[in-house]
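Below is one structure, written out as structure tokens; the observations come after it.
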Amino acid sequence: MQADEDMRKKAEAALKKNASYGEDFDLNEYGLASEEAEQADDLEELSEEDQRTLLNVGFTPSEDNRAGSFLMLNNAVTHSSLRDQDVVELMSLRDAMKVHEWVKDYSWKLVEPDKDKYTAMSYLQDANGYFIRAPAGKKSKMPVQTCLLIGSKQVSQTVHNIVIVEEGAELDVITGCSTKHGVDKGLHLGISEMYVKKGATLNFTMIHNWGEEIGVRPRTVVHVEEGGSYISNYVTLKPVKSVQSYPTVILEGKGAFARLNTIAVAHPGSELDLGSKVIFNAEDTKAELISRTITTGGDAIARGEMIGNADNAKGHLECHGLVLGGGMQRAIPILEANVEDIELSHEAAVGRIAREQIEYLMARGLTEEDAVGMIVRGFLDVGIQGIPDELKADIDATIAKIGENAI
Amino acid sequence: MLEINNLTVEIGGRRILKGVDLDVEAGYTNVLFGPNGAGKSALLMTLMGFSGYNVVEGEIIFKGEDITNMSVYERAQMGIGIMTQRPPNMNGVKLHDLLNVISKDIKDAEELAETLDMVRFFERDVNVGFSGGEIKRSELLQLSAQNPDFILLDEPESGVDLVSIEQLGNTIKHLLQKDCKCAGDRCKHGKSALVITHTGQVLDYIEADRGYILCNGTVMCSGNPREMLTEIKEQGYEECIKCKLMKI
């Protein structure tokens with residue numbers, strides 16, 4: 001296995017390679033997260049506190065209306081269950097490697113191990129994670145839910161996920177990332193490689209709810225074939241030390257489509273460097289990147305990038321940032337056309353809520369607080385489907401608090 | 001209901017209203033005429049308390065209380081409502097959600113929405129991509145849900161086609177005098193309003209009690225609104241200005 005050996009050497013060499021963006025984390029400051037943990041067969045047997053943690057990132061311990069559930073605590077898979085084995089396959093990536101020999105053909109093919117120190121670390125640790133696959137033509141009515149939880153202080157969690165939606169299949173995934181109560185410092189490194197095949201659809205919703213001293217470095221690449229659709233919703237509304245991500249979608253087949261929604265709040269002390277990138281490599285491909293960020297004292301950077309390499313590709317980029325009570329907003333749209341017949345556009349705006357809008361609602365009898373709350377709620381509402389009521393309530397409470405503090 | 005004394009207002013340091021005196025009694029609908037740029041809209045915006053309209057002199061008394069320095073919210077709570085000419089785009093704020101928040105009984109609002117053919121706008125962002133007529137209907141719907149005692153209407157008929165104007169006029173009439181059986185009843189229990197109109201079309205539907213002519217930020221004259229409208233149509237505002245100058 002000369003190729004593996006070469007890759008290993010490259011990864012080792014990249015262990016000191018800083019990422020292009022975001023604060024640098026010294027990996028030596030964090031211990032390896034444990035691969036051992038008690039199994040949680042019945043998720044409703046978990047402590048109330050743990051269940052609440054799960055609910056707040058969209059993961060329902062009762063598993064109602066879920067096709068399958070997967071839970072990872074530190075680096076240990078503590079739960080993996082499936083309701084309907086015909087429409088979806090769910091297991092740990094390591095198990096999948098054993099079950100299907102071909103899974104290796106999907107592993108580390110989209111994300112380069114030597115991209116930066118975080119990918120290198122995850123590669124060298126042979127990180128485990130979830131493997132979700134929708135077989136050809138299968139459509140699950142309910143989403144698969146997964147949760148990646150950091151349960152110990154001062155550790156780095158490394159995760160490697162692979163999602164495959166085969167030809168003509170449809171799959172919904174809700175992934176929640178959080179920390180157990182009391183865990184304030186840690187690092188989460190997450191590699192995700194997703195494959196949306198011909199005519200398939202993947203709806204991927206990710207909710208982050210980290211702690212104030214957590215560093216988060218997701219590395220995601222999505223490959224979409226002819227007529228395939230990838231729809232992503234990323235939500236992070238709670239304090240976190242630093243999130244830097246730049247998920248990339250490659251539209252490789254004719255008529256492929258991608259929409260990425262990002263809604264984020266940068267609290268004081270938080271650095272959110274959130275990008276998203278679409279590469280149009282085939283004719284008639286379309287994409288929309290929508291970013292809505294609010295800063296209440298932290299830094300929010302919204303990078304949106306579209307690279308058009310094929311005829312009749314259409315893309316629109318929207319970065320809107322609100323400054324509510326200090327902090328920094330930076331919108332960085334990048335549009336690149338490498339062929340003639342292409343249509344890429346962007347609109348970006350950062351600033352405060354227009355006084356006129358607040359007073360319009362006040363003239364209808366709303367207090368200033370309620371008016372701001374209503375505008376903020378509308379600002380962050382990009383129409384995400386399938387969020388459990390508990391999470392909705394939590395989001396509403398967060399927004400109400402933002403409204404209060406914004407006055 | 002409303003008493004404006006010697007009101008002087010500046011926008012960005014520029015004097016827009018100069019010593020305006022104006023009253024609206026309970027149950028009365030008064031009309032504000034005047035050429036473009038006279039300060040009519042500015043007067044309505046000032047009465048609602050919007051920022052940017054700085055009262056440098058005078059006072060606004062509403063229901064016996066001095067509201068000159070009150071916030072927009074406090075004025076709305078006291079019973080003032082407004083339909084402005086160009087309301088802002090409320091991105092993300094759905095019409096139905098807003099109605100839900102401002103109405104005491106959402107069913108009434110939903111019924112009126114049926115009549116005004118606004119149900120299909122429920123899930124739309126308020127004012128975003130609305131036509132002139134749609135904005136007016138949406139504003140009226142919101143005002144009905146809010147049910148204020150005193151209503152400020154800034155050119156309710158502008159941008160509305162001839163067919164819709166009847167519907168609009170009748171809705172305003174209903175809003176102002178829905179439960180009033182007779183003229184006496186209207187003065188006792190009806191709503192009060194201050195309406196800006198250029199064309200006077202809205203006066204075909206509502207009872208107007210008193211007219212004011214505002215030119216260059218000053219009240220030139222007041223009197224019977226219908227007579228005033230006829231005179232303005234015949235002679236324009238020049239005569240009013242001349243007349244006022246003669247008196248000084």
For B/Phe150 and B/Phe62, take the angle between the two ring planes, folded into 0 to 90°, and tell me which bin it lands in: parallel under 30, tilted 30 to 60, perpendicular over 60.
tilted
Under 4.5 Å from any heavy atom of chain A, what part of B/Ile80 do you find: side chain, backbone, both or neither?
backbone
Using non-hydrogen atoms and a 4.5 Å limit, figure out which bit of A/Leu361 sits close to chain B: side chain, backbone, both or neither.
side chain
Donor-acceptor side-chain pairing of B/Glu157 and B/His198 below 3.5 angstrom
no
Taking every non-hydrogen pair under 4.5 Å, which of A/Met362, A/Arg364, A/Gln357 racks up the most with chain B?
A/Arg364
Cationic N near anionic O, under 4.0 Å, A/Arg355 to A/Glu368
yes
Using a strict threshold of under 4.0 Å (side-chain N to carboxylate O), is an ion pair present between A/Arg377 and B/Asp97?
no
Proximal component of B/Glu139, with respect to chain A [non-hydrogen, under 4.5 Å]
both
Can you say whether B/Met48 sits under 4.5 Å from chain A via the side chain, the backbone, both, or neither, judging by heavy atoms?
side chain
Less than 4.0 angstrom from a charged side-chain N to a carboxylate O is my criterion; do A/Arg292 and A/Glu318 meet it?
yes
